[in-house]
Amino acid sequence: MARYRIALLPGDGIGKEVMEAAQLVLERIALDAEYVPADIGWEFWCREGDALPQRTLETLRSCTCALFGAITSKPKAEAEAELAQELRGKGLVYQSPIVRLRQQFDLYINLRPCKAFRGNPLNFRDDINLVVFRENTQDLYAGVEFHPLPEEVRLALEKHSPGMELFRNTPSDEIALSCRILTAAGCRRIIRAAFEYARTHGYPTVTLVEKPNVIRETSGMMVREARHIAALYPEIELWEVNVDAMAMWLVKNPQRYGVLVSSNMFGDIISDLAAQLVGGLGFAPGGNIGDDFAIFEPTHGSAPRHAGQYRANPIAMLLAVRMMLDWLGEKERGEALERAIAQVIAEGRVRTYDMGGTSTTLDMARAVAERL
Ligand code: NAI
Ligand code: MG
């Protein structure tokens with residue numbers, strides 16, 4: 001039996017193409033692993049009414065961890081319109097598979113490193129090395145949403161919140177409500193993960209990115225928990241920055257920051273900004289990590305405009321493989337992979353379209369594999 005069982009979830013669009021790139025490199029790495037392909041993505045929604053079929057969840061439960069490519073998600077009405085004829089009108093509702101996976105497996109950490117590689121023509125600066133810890137299970141992504149606003153909810157809100165006065169004359173079908181729910185335990189575990197990472201990787205600061213001056217209860221809870229946890233890490237300084245100001249500081253002085261931690265929605269936005277500072281979505285990997293399972297992916301989506309042409313940059317996906325190796329404890333293999341990626345970028349001979357070149361997804365993967 002192989003040491004690891006790794007699920008491969010290519011998804012659709014460029015997800016499939018960057019997964020091929022990952023497989024090419026994995027072959028070279030020769031990990032003692034069995035790779036198990038599994039179904040996920042838009043075609044399974046259209047054909048079966050479920051983008052994340054039950055059999056895939058079962059496969060995942062038998063695996064050590066998973067690599068995921070990307071999937072297409074569409075709004076409710078468009079999704080319904082693409083369902084197979086016989087599945088329409090049955091009340092099937094499209095749900096993002098990756099959001100479901102994060103919740104099902106309680107993958108509460110979304111770890112997004114954004115590091116500038118020397119020689120990347122897309123770097124905003126060459127001295128950026130950011131790591132974003134985005135909370136991955138709660139906040140606006142929990143799916144507690146209403147439209148129209150149900151009468152009981154309305155009455156309860158009117159009873160308990162003076163802020164509802166503002167909407168007194170608005171009819172319920174003209175009110176949409178998405179709830180931002182945070183729990184103290186949920187705040188603690190993501191903040192603790194950020195501090196633990198800062199300690200083991202030698203970062204002198206952790207920056208909490210929230211908005212407690214306006215969103216008092218939820219962001220306020222993040223601040224409170226962060227201050228408690230920071231006290232346990234006296235060698236690490238806690239910086240508290242409002243999310244809007246953070247967007248500005250990240251453009252002005254990105255080199256000053258190291259580990260960032262935030263709730264789900266703010267973390268999502270800030271991490272795309274951080275990704276662009278080091279070359280864009282083609283360079284940004286992500287790890288969805290829980291206590292005993294993890295799914296690694298590029299943070300980009302299925303990029304339909306580029307799909308089917310093998311022109312997507314596979315570096316984000318290959319860096320996701322690198323994160324997986326780290327998580328598995330395969331330190332040497334992980335470092336070797338990062339060195340090979342850094343070398344290909346620094347040499348600058350093989351470049352995909354986003355870097356101003358004409359190399360294909362697989363050219364790039366082969367170049368990395370050759371340097372391993
Ligand atoms: P996207 O990330 O798919 O693409 C946005 C743009 O970024 C592309 O048009 C391209 O210019 C650039 N880009 C992305 N990946 C690249 C790569 N590897 N190399 C070079 N350039 C790259 O985001 P978009 O267009 O907002 O969403 C497309 C679809 O993907 C939607 O259906 C969306 O719901 C889904 N999506 C899925 C995600 C996932 O699977 N985790 C995450 C984000 C979006
Ligand atoms: Mg995003």
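What's counted below: heavy atoms across the whole structure, side chains too, no hydrogens, waters or symmetry copies. Whatever order the structure lists them in is the order used to number ligands and atoms, beginning at 1.
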Contacting atoms of ligand 1, where contact means under 4.0 angstrom from a heavy atom of [X]:
| X | result |
| --- | --- |
| Phe68 | 40 (O), 41 (N) |
| Thr299 | 42 (C) |
| Ala312 | 18 (N), 19 (N) |
| Thr72 | 32 (O) |
| Ala70 | 40 (O) |
| Glu297 | 41 (N) |
| Leu281 | 2 (O), 7 (O), 14 (C) |
| Ile14 | 15 (N), 18 (N) |

Original post:
Should the pair Trp42 and Trp45 be assigned to parallel (<30°), tilted (30 to 60°) or perpendicular (>60°) ring geometry?
Top reply: tilted
Subject >> Sequence-distant partners of Glu158, salt bridge (Lys or Arg N to Asp or Glu O under 4.0 Å), two or more places apart >> reply: Arg154
**OP:** Report the member of Met364, His300, His306, Glu17 with the shortest heavy-atom distance to atom 8 (C) of ligand 1.
**Re:** His306
Subject >> From the candidates Gly41, Ser73, Gly69, Gly13, the one that places a heavy atom nearest atom 32 (O) of ligand 1 >> reply: Ser73
Original post:
Do Lys115 and Val278 have side chains that get closer than 4.5 Å, going by heavy atoms?
Top reply: no
Original post:
Is there a side-chain contact between Cys63 and Val36 (heavy atoms, below 4.5 Å)?
Top reply: yes
Original post:
Within a radius of less than 6.0 Å around CZ of Arg256, do more than 12 heavy atoms belonging to other residues, nucleotides or ligands occur?
Top reply: no
**OP:** Determine whether the side chains of Ser178 and Glu145 contain a donor N or O and an acceptor N or O closer than 3.5 Å.
**Re:** yes
Original post:
Just by distance, with hydrogens left out, do Glu210 and Ser263 show a side-chain donor and acceptor under 3.5 Å apart?
Top reply: yes
Original post:
Can you check whether Gly282 has an N/O within less than 3.5 Å of an N/O in ligand 1?
Top reply: no
Original post:
Is there a nitrogen or oxygen of Ser302 sitting under 3.5 Å from a nitrogen or oxygen of ligand 1?
Top reply: yes
**OP:** Classify the contact between Pro304 and ligand 1 as side chain, backbone, both or neither, using a heavy-atom distance cut-off of under 4.0 Å.
**Re:** side chain
**OP:** State if Tyr353 counts as touching ligand 1 under the rule of any non-hydrogen atom under 4.0 Å.
**Re:** yes
Subject >> Arg180 and Glu217 ion-paired at < 4.0 Å >> reply: no
Original post:
Can you list the residues that meet the side-chain contact (heavy atoms from CB on, under 4.5 Å) rule with Ala66, with sequence neighbours excluded?
Top reply: Ala7, Leu9, Leu60, Phe293, Ile295
